[in-house]
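Have a look at the structure below, then the notes.
Sequence lines set the chain letters: A, B, ... in the order given, protein chains first and strands last, and positions in each chain run from 1.
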2 protein chains.
Amino acid sequence: MIQKAIHSLSVPTRRDILSVLRNGELTSSEIASKFELSAPAISQHLKVLEQSGLVAMRKAGTKRYYRIRRDGFEELVKFIDQFWDTSLLSLKEAAEEEERRNHESND
Amino acid sequence: MIQKAIHSLSVPTRRDILSVLRNGELTSSEIASKFELSAPAISQHLKVLEQSGLVAMRKAGTKRYYRIRRDGFEELVKFIDQFWDTSLLSLKEAAEEEERRNHESND
DNA sequence: TCTTTATTTAAGTTGACACTTAATTAAGTA
DNA sequence: TACTTAATTAAGTGTCAACTTAAATAAAGA
């Protein structure tokens with residue numbers, strides 16, 4: 001799921017779709033109207049976003065409303081934190097970091 | 001840079017490289033020895049990671065030591081937070097969220 | 001300077017995936 | 001039972017990038 005979430009986010013169009021959804025839920029066609037892409041293209045992106053847990057959907061008649069799913073983003077950020085969060089890094093890496101700071105050859 | 005960072009993270013091998021670097025800095029060949037990939041493949045990944053700001057490098061003779069660059073991850077997480085952080089979502093979306101909670105048809 | 005070690009750059013191949021149009025499914029309405 | 005609206009699934013195409021091996025660069029040692 002996390003891997004799918006990162007993969008989802010890596011495509012600009014999908015990030016744009018998420019941006020649009022920050023203002024509230026929208027139907028597939030409402031989203032499509034904001035892009036210069038075909039409806040199937042948007043539908044395919046929404047499917048990917050849903051399967052990655054970043055977006056949720058509710059049906060209402062023939063319409064399908066899509067919205068941001070916070071839990072998905074929360075999990076994603078937690079996962080990314082593993083790579084750099086000080087409290088999660090090894091003692092060795094922490095020591096190296098300190099060493100670099102002392103030598104002021106940082107970055 | 002942020003877009004590059006997300007793109008970098010979207011490839012499993014690059015995430016694995018970052019995992020290996022959590023224990024401290026390593027040379028290109030030390031990293032390559034931990035994978036069943038050619039040295040050039042690893043080198044290419046390291047280049048992408050460096051250009052995306054997730055990894056930093058220092059030269060020492062013919063060796064090149066690579067390490068995690070915290071600032072890159074910090075920026076990345078800030079960017080991702082935009083999509084879901086409550087304080088950054090619109091009033092409309094907040095209201096809809098509240099509405100869904102009340103109807104308990106949430107997820 | 002020749003050799004060795006560490007690494008990258010060059011060039012080419014292959015698979016994944018973001019698009020397209022056409023066809024299909026699904027729900028509501030006359 | 002059509003017809004309309006909303007959306008997806010199917011099928012095909014083209015581009016991109018993750019690999020490969022071979023060649024090039026760069027620093028250090030004999």
Side-chain angles (χ1 to χ4, degrees), chain A residues 1-21 24-69 96 105, chain B residues 1-21 24-69 76 83 96 105:
Chain A
M1 202 79 151
I2 294 286
Q3 353 286 330
K4 282 187 182 175
I6 297 176
H7 178 245
S8 276
L9 263 194
S10 75
V11 175
T13 299
R14 283 201 286 265
R15 289 199 297 272
D16 292 341
I17 290 175
L18 290 168
S19 279
V20 158
L21 291 178
E25 63 177 11
L26 291 174
T27 66
S28 188
S29 50
E30 281 169 343
I31 296 167
S33 72
K34 295 179 186 295
F35 294 84
E36 294 194 338
L37 289 176
S38 65
I42 298 298
S43 178
Q44 285 155 22
H45 282 309
L46 288 170
K47 189 180 181 183
V48 171
L49 285 166
E50 196 185 359
Q51 288 178 345
S52 72
L54 295 180
V55 149
M57 185 267 285
R58 70 176 175 89
K59 294 181 183 175
T62 65
K63 294 179 180 177
R64 296 188 182 194
Y65 285 91
Y66 289 89
R67 64 174 185 274
I68 293 225
R69 185 171 166 277
E96 286 171 2
S105 59
Chain B
M1 200 78 152
I2 294 287
Q3 355 284 332
K4 283 187 181 174
I6 296 175
H7 178 246
S8 276
L9 261 194
S10 74
V11 175
T13 299
R14 283 200 287 265
R15 288 198 297 271
D16 292 341
I17 290 175
L18 291 168
S19 279
V20 159
L21 292 178
E25 63 178 10
L26 291 175
T27 66
S28 188
S29 50
E30 282 170 342
I31 296 167
S33 72
K34 295 178 185 296
F35 293 84
E36 294 193 336
L37 288 175
S38 65
I42 298 298
S43 178
Q44 284 156 23
H45 283 308
L46 287 169
K47 188 179 180 183
V48 171
L49 285 166
E50 196 185 359
Q51 288 177 345
S52 70
L54 295 180
V55 149
M57 185 267 285
R58 70 177 176 89
K59 294 181 182 174
T62 65
K63 296 179 180 177
R64 295 189 183 193
Y65 285 91
Y66 290 90
R67 65 176 184 273
I68 291 213
R69 185 170 166 277
L76 175 60
F83 292 111
E96 286 171 1
S105 60

In whole Å, I'd like the distance from the CZ atom of Phe35(A) to the P atom of dC19(C).
10 Å
My understanding is that only residues two or more places apart in sequence, or in another chain, count here; which of them pass side-chain hydrogen bond (donor to acceptor under 3.5 Å, both in side chains) with Arg64(A)?
none
Atom CD1 of Ile31(B) and atom CG of Leu18(B): how far apart are they, to the nearest 0.5 Å?
9.5 Å
So Tyr66(B), base contact, sugar-phosphate only, or nothing? Heavy-atom distance under 4.0 Å.
sugar-phosphate
Using a 4.0 Å cut-off on heavy atoms, which residues in residues 45-53 of chain A reach DNA chain D? List them by number, or say none.
Lys47(A)
Gap between atoms CD1 and P, on Ile42(A) and dC17(C) respectively (whole Å)
18 Å
Please name all residues satisfying side chain to side chain contact (heavy atoms under 4.5 Å, CB included) with Lys4(B), sequence neighbours left out, ordered by chain then number.
Ser52(B)
How close do Ala5(B) and Leu54(B) get, counting heavy atoms only, and between which atoms?
O-CD1, 3.7 Å
Those residues at least two apart in sequence (or on a different chain) that pass salt bridge (Lys or Arg N to Asp or Glu O under 4.0 Å) with Glu50(B) are none
Strictly below 4.0 Å, heavy-atom distances to any atom of DNA chain C: list the hits from residues 1-15 of chain B, or just say none.
none
Test item: Arg15(A) and Leu9(A) side chains (from C-beta on) under 4.5 Å apart, heavy atoms:
yes
Partners passing side-chain hydrogen bond (donor to acceptor under 3.5 Å, both in side chains) against Gln51(A) (at least two apart in sequence or in another chain)
none
Fill in the dot-bracket string of DNA chain D, one character per base: . for unpaired, | for a pair to another strand, ( ) or [ ] for pairs within the strand, taking Watson-Crick or G-U pairs under 3.5 Å.
||||||||||||||||||||||||||||||
Listed by chain and number, what are the side chain to side chain contact (heavy atoms under 4.5 Å, CB included) partners of Thr27(B), not counting sequence neighbours?
Ser29(B), Glu30(B), Lys63(B), Tyr65(B)
Atom CG of Leu26(B) and atom P of dA6(C): how far apart are they, to the nearest Å?
14 Å
Would you give the length of the straight line joining atom CD1 of Ile68(A) to atom CZ of Phe83(B), rounded to the nearest 0.5 angstrom?
7.5 Å
Donor-acceptor pairs are to be reported for all side-chain atoms of residues 55-62 of chain B against protein atoms at under 3.5 Å, with residues two or more places apart or in another chain.
from: Arg58(B); atom 1: NE; to: Glu25(B); atom 2: OE1; distance (Å): 3.2
from: Arg58(B); atom 1: NE; to: Glu25(B); atom 2: OE2; distance (Å): 3.3
from: Arg58(B); atom 1: NH2; to: Glu25(B); atom 2: OE2; distance (Å): 2.5

May I have all residue pairs that pass side chain to side chain donor-acceptor pair (under 3.5 Å) and include part of residues 32-48 of chain A, sequence neighbours excluded?
Arg14(A)-His45(A)
What distance separates Leu49(B) CG from His7(B) NE2, expressed to the nearest 0.5 Å?
11.0 Å
Spacing of CD1 belonging to Ile42(B) relative to CG belonging to Asp16(B), to within rounding of 0.5 Å
9.5 Å
What does nucleotides 20-30 of chain C look like as a protein-contact string, B for base, S for sugar-phosphate only, - for none, at under 4.0 angstrom between heavy atoms?
BBB----BS--
